[in-house]
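Since the structure comes first, as structure tokens, the remarks are kept for the end.
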Amino acid sequence: MHWADVLAEELLKKQTKHVLATGITPSGPIHIGNMREILTTDAVYRCLIEKGGDAEFIYICDDYDPLRKVYPHLPSSYQQYVGKPLSEIPCPCGKHTSYADHYLVSFLGSLHTIGVNPRVYRASEMYCRGDYNESIQIALENTTKIRNILETLSGRKMPKDWLPYNVKCETCGRLSTTHPSLYEFPNVEYTCDCGHDGEVDIRKSGQGKLPWRVDWPARWRMLGVTFEPCGKDHATVGGTRETGAKISEEVYRYPPPGLLVYEFILLKGMGAMHSSKGTAVSGEDMLRMTPPEVLRFLIMRNQPNRHIVFDSGLGLLTLVDEYDKEEGVYFGKEAEIKGMKEFKKIYELSQPYHIQKKMPLHLPYRHLVTLNQIAKTWSELKEILMRTGQLPKKLTKEDEEHLRQRAEHVRYWLDTFAPDEVKFEVKETLPDITLTEEQRTMLSIFKGKIPDLSWEPEAIHNAIYELSEQTKIPIKTAFSAIYQILLGQERGPRAGFFLSNLSKQFVLKRVTEAVK
RNA sequence: GGGCCUGUAGCUCAGCUAGGUAGAGCAUCUGGCUUUUAACCAGGUGGCCAAGGGUUCGAAUCCCUUCAGGCCCGCCA
């Protein structure tokens, strides 16, 4: 059974109604780990629905969290906002209503692309609307209990007059610089590093926030959460997962949800992804270079508790090939490979939206890498494919859209992470190169042959071989001459294939210029 | 100090949530193909499943111990 089915069945044993939650703080651009949290939840959600469960998928945007520091992606002027809730900090680009919104909007866009559309809650709204008021009061009244749980389980020492409540300073608006000192219903007294001392009435909303370790369990009860994945960073002994479960049970009297721990996604050769460290491959990059169904495939085929190594180089091409292979097997066009388990379920879960009735058109992904460097736009690319008979005459809308999307992803990959060895550029004019005498001879014979040559990969390839024999120059040298006059480099994509995708006139013209 | 993950062919890994003859891709070798961005086709070689113990008629798979590597936590979240 697929892991998502196993989890769904475990949940259904308890009850049929479920609320699956994910919570991600919009403190910066989406990263790959977030993707895993979202997609893991989505997989369980889909399985629950499929098995007749009554499930809801929610996303809680922790936009009331204070800005921790000036992250690498921020201008240094953001120093003044450190400590303020993300929802009350101006947008870095100026187009959104707040800092949090800036990242939330693109995050939700990314989710939509990969086929995830949860119900969105914003912590800032929940706090300001008063949803948390009761939870805050419960927490404050159980200060000793919470304090004991935290000190016992996590082994950390809390300050003497610690309270499970972070006041937002009425003067400077910061959450992280205040020190609550005394709670006497309904007031919390506090001092702030900005010099302001005061007290807030917790019956009024939006005056402060529960610390994370308390906020999490409070929210479970409030929203009826029954399942939530968490990264392994939370899963350590004495970590938030453990203290959260205890606080949920003993303070909020709510059975803690199933807290699935997922492993991190590592980058090949770079280690773990981390939201605040500014890593080499952002989630955005990953989404733009990986087709959505392939990204889902990557998550779905791996058990959540195993780490995944994402290779943004040639490994990406292999991943897409593997996806296509699996697709072929799913539609019965290719034989199943021994040891390929759960391929059916994995394929289904990999689809962002619906499953196609017919198998999508396959074009080798590596080939798209070549074509994308010959054609500049999708319409040019399509024209080449049509002209060379690589596409069926009647191209369905779905297939065209599928190919166009893949072409876009390939293009982004080429612009960013593709290794140099797969890159080339068809030069607009004859590159500044020096050909040997024998190469010139070969090319001039080739020039004579072109007009009558059937412009197909094999024919072209054979013609070059004949030339090599005729002129007695090594085949390598012959190929090299062709790459040099077109690309200005020694090597290139498979010659026959490559040339057939260029127009005959263009090649003839270039060869003519080269032997002048 | 603690937690999680990993250890299966030369390399990358699947198989471990069904205990029942050890799998794939790459590499290598053979044959075919006039042989290029990690070419294609057919076939072959290749494994004490990290080590040890236990459960079992039967263990890569379940349990315990050990070893090695990776990541995370021990500020905040």
Side-chain angles (χ1 to χ4, degrees), chain A residues 1-7 9-10 23-25 27 33 62 65-69 82-83 153-157 166 175-176 209-216 230-244 261-266 268 271-276 301-309 311 313-315 317-319 321-322 325 335-343 346 364 366-367 369-370 373 414 418-424 457-458 461-469 474-476 478-480 482-483 487 489-499:
Chain A
M1 229 192 323
H2 188 266
W3 53 263
D5 278 322
V6 174
L7 290 166
E9 283 190 7
E10 272 173 18
I24 291 160
T25 307
S27 60
D62 239 326
D65 238 31
L67 181 69
R68 308 273 157 206
K69 60 174 183 183
V82 170
L153 291 182
S154 74
R156 63 192 247 231
K157 288 262 164 61
N166 296 333
L175 281 158
S176 60
K209 184 182 188 309
L210 292 170
W212 165 245
R213 283 184 185 249
V214 183
D215 184 304
W216 208 21
C230 64
K232 73 167 184 179
D233 49 341
H234 294 284
T236 196
V237 166
T240 44
R241 173 160 157 269
E242 209 173 287
T243 55
V261 178
Y262 60 87
E263 259 282 350
F264 286 0
I265 297 184
L266 313 176
K268 184 168 178 158
M273 300 299 301
H274 223 275
S275 54
S276 44
R301 77 206 289 228
N302 287 290
Q303 305 233 21
N305 64 354
R306 326 222 354 176
H307 71 250
I308 293 175
V309 179
D311 179 359
L314 291 172
L317 304 185
T318 308
L319 181 65
D321 283 347
E322 280 170 12
K325 169 95 185 160
E336 191 179 334
I337 296 168
K338 218 174 163 183
M340 200 187 221
K341 283 224 167 160
E342 305 301 336
F343 71 91
I346 291 172
R366 287 185 162 79
H367 186 42
V369 171
T370 302
Q373 298 180 83
L414 282 166
D420 289 340
E421 55 186 295
V422 301
K423 288 189 201 166
F424 66 83
E458 215 183 317
H461 193 82
N462 288 343
I464 299 171
Y465 261 95
E466 280 167 27
L467 284 171
S468 162
E469 279 184 12
I475 187 67
K476 234 183 158 169
F479 277 120
S480 163
I482 292 185
Y483 295 129
L487 311 175
Q489 57 191 52
E490 294 280 324
R491 293 163 57 82
R494 308 197 70 176
F497 218 23
F498 172 50
L499 292 189

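Reminder, nothing fancy here: chain letters follow the sequence lines and each chain counts from 1.
Across all strands, A:F497 comes closer than 4.0 Å to no nucleic acid atom at all (heavy-atom distances). When heavy atoms are screened at a 4.0 angstrom cut-off, A:G492 is found touching base atoms of the nucleic acid. As judged by a 4.0 angstrom heavy-atom cut-off over every strand, A:R213 is placed among residues making no nucleic acid contact. Among the protein residues, A:T318 comes within range of the nucleic acid bases, having at least one heavy atom under 4.0 Å from a base atom. Here A:F424 lies in heavy-atom contact (under 4.0 Å) with a base. Here A:P211 lies in heavy-atom contact (under 4.0 Å) with sugar-phosphate atoms only.
B:C62 and B:A14 have their P atoms separated by 15 Å, with the value rounded to a whole Å. Comparing B:C63 with B:U6, their P atoms are spaced 12 Å from each other, to the whole Å. Using atom C1' as the reference point in both B:A50 and B:A68, the two lie 8 Å apart (nearest Å). Distance check on atom P: B:C41 versus B:C64 gives 46 Å, rounded to whole Å. Taking the P atoms as reference points, B:A60 lies 31 Å from B:C71, given to the whole Å. The C1' atoms of B:G15 and B:C40 are separated by 29 Å, rounded to the nearest whole Å. Between B:A38 and B:C26, the two C1' atoms lie 8 Å apart (nearest whole Å). Taking atom P in both B:C67 and B:G46, the straight-line distance is 35 Å, to the nearest Å.
A:Y262 is linked by a ring pair (Phe, Tyr, Trp, His ring centres under 6.0 Å) to nothing, counting only residues two or more places apart in sequence or in another chain. Listed by chain and number, the residues in a side-chain hydrogen bond (donor to acceptor under 3.5 Å, both in side chains) with A:D215 are A:Y127, A:Y132, A:K209, A:R219 (sequence neighbours excluded). Checked against ring pair (Phe, Tyr, Trp, His ring centres under 6.0 Å), A:H2 has no partners two or more places apart in sequence or in another chain. By the ring pair (Phe, Tyr, Trp, His ring centres under 6.0 Å) test, A:Y483 is found to be paired with no residue, residues two or more places apart in sequence or in another chain being considered. When the side-chain hydrogen bond (donor to acceptor under 3.5 Å, both in side chains) test is applied to A:T240, the partners found at least two apart in sequence or on another chain are A:H234. Taking A:R494 as the reference, nothing meets the side-chain hydrogen bond (donor to acceptor under 3.5 Å, both in side chains) condition, with sequence neighbours excluded. With sequence neighbours left out, A:N462 forms a side-chain hydrogen bond (donor to acceptor under 3.5 Å, both in side chains) with no residue at all.
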With Watson-Crick and G-U wobble geometry limited to distances under 3.5 Å, how should the secondary structure of RNA chain B be encoded in dot-bracket form, using | for bases paired to another strand and [ ] for crossing pairs?
-> ((((((((.[[[[.)....(..]]]].(((((.......))))).....[[[[[..)....]]]]])))))))....

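Checking B:U36, B:A38, B:U35 against every side-chain atom of A:F479, the shortest atom distance belongs to B:U36. Picking from B:C76, B:U35, B:A38 the nucleotide with the shortest atom distance to the side chain of A:R68 gives B:C76.
Atom CG in A:L210 sits roughly 16 Å away from atom P in B:C76 (whole-Å rounding). The interatomic distance linking A:N302 (CG) with B:G15 (P) rounds to 8 Å, in whole Å. Between A:L319 atom CG and B:U12 atom C1' there is a gap of 13 Å when expressed in whole angstrom units. We find that CD of A:E9 is positioned 13 Å from C1' of B:A18, with the value rounded to whole Å. The interatomic distance linking A:E466 (CD) with B:U34 (P) rounds to 12 Å, in whole Å. Rounding to whole angstrom units, NZ of residue A:K325 and P of B:G25 are separated by 8 Å. Remark: P of B:A24 and CD of A:E322 are 15 Å apart, rounded to the nearest angstrom. Summarising the geometry, the separation between CD1 on A:I346 and P on B:G15 is reported as 8 Å, rounded to the nearest angstrom.
Heavy-atom nearest nucleotides on RNA chain B were determined for A:S480 and for A:E10, and the one closer to the 5' end corresponds to A:E10. With RNA chain B read from its 5' end, the first of the two nearest nucleotides for A:R301 and A:Y483 is the one closest to A:R301.
The side-chain heavy atoms of A:H461 and A:I464, taken from C-beta on, include no pair separated by under 4.5 Å.
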Apply the test side-chain contact (heavy atoms from CB on, under 4.5 Å) to residues A:V422 and A:R366: give CA-CA distance (whole Å), side-chain angles for both, the deciding distance (0.1 Å), then the verdict.
-> CA-CA 9 Å; A:V422 301; A:R366 287 185 162 79; over 6 Å; no

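Using cut-offs of 30° and 60° on the angle between ring planes, the pair A:H367 and A:F497 is parallel.
With its ring centre under 5.5 Å from that of the base six-membered ring and a plane angle below 30°, A:Y465 counts as stacked on B:U35.
For the pair A:P66 and A:L175, the tightest heavy-atom approach, listed with the atom from each and the gap, is CD-CD1, 4.1 Å.
Between A:H461 and B:U35, a side-chain N or O to OP1/OP2 separation shorter than 4.0 Å is present.
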Every protein N/O within reach of nucleotides 5-10 of chain B N/O, cut-off under 3.5 Å:
residue: B:C5; atom: O4'; partner: A:E263; partner atom: OE2; Å: 3.3
residue: B:U6; atom: OP1; partner: A:R306; partner atom: NE; Å: 3.1
residue: B:U6; atom: OP1; partner: A:R306; partner atom: NH1; Å: 3.1

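Looking at A:W3, its side chain does come within 3.5 Å of a backbone N or O of A:N302 through a donor-acceptor pair.
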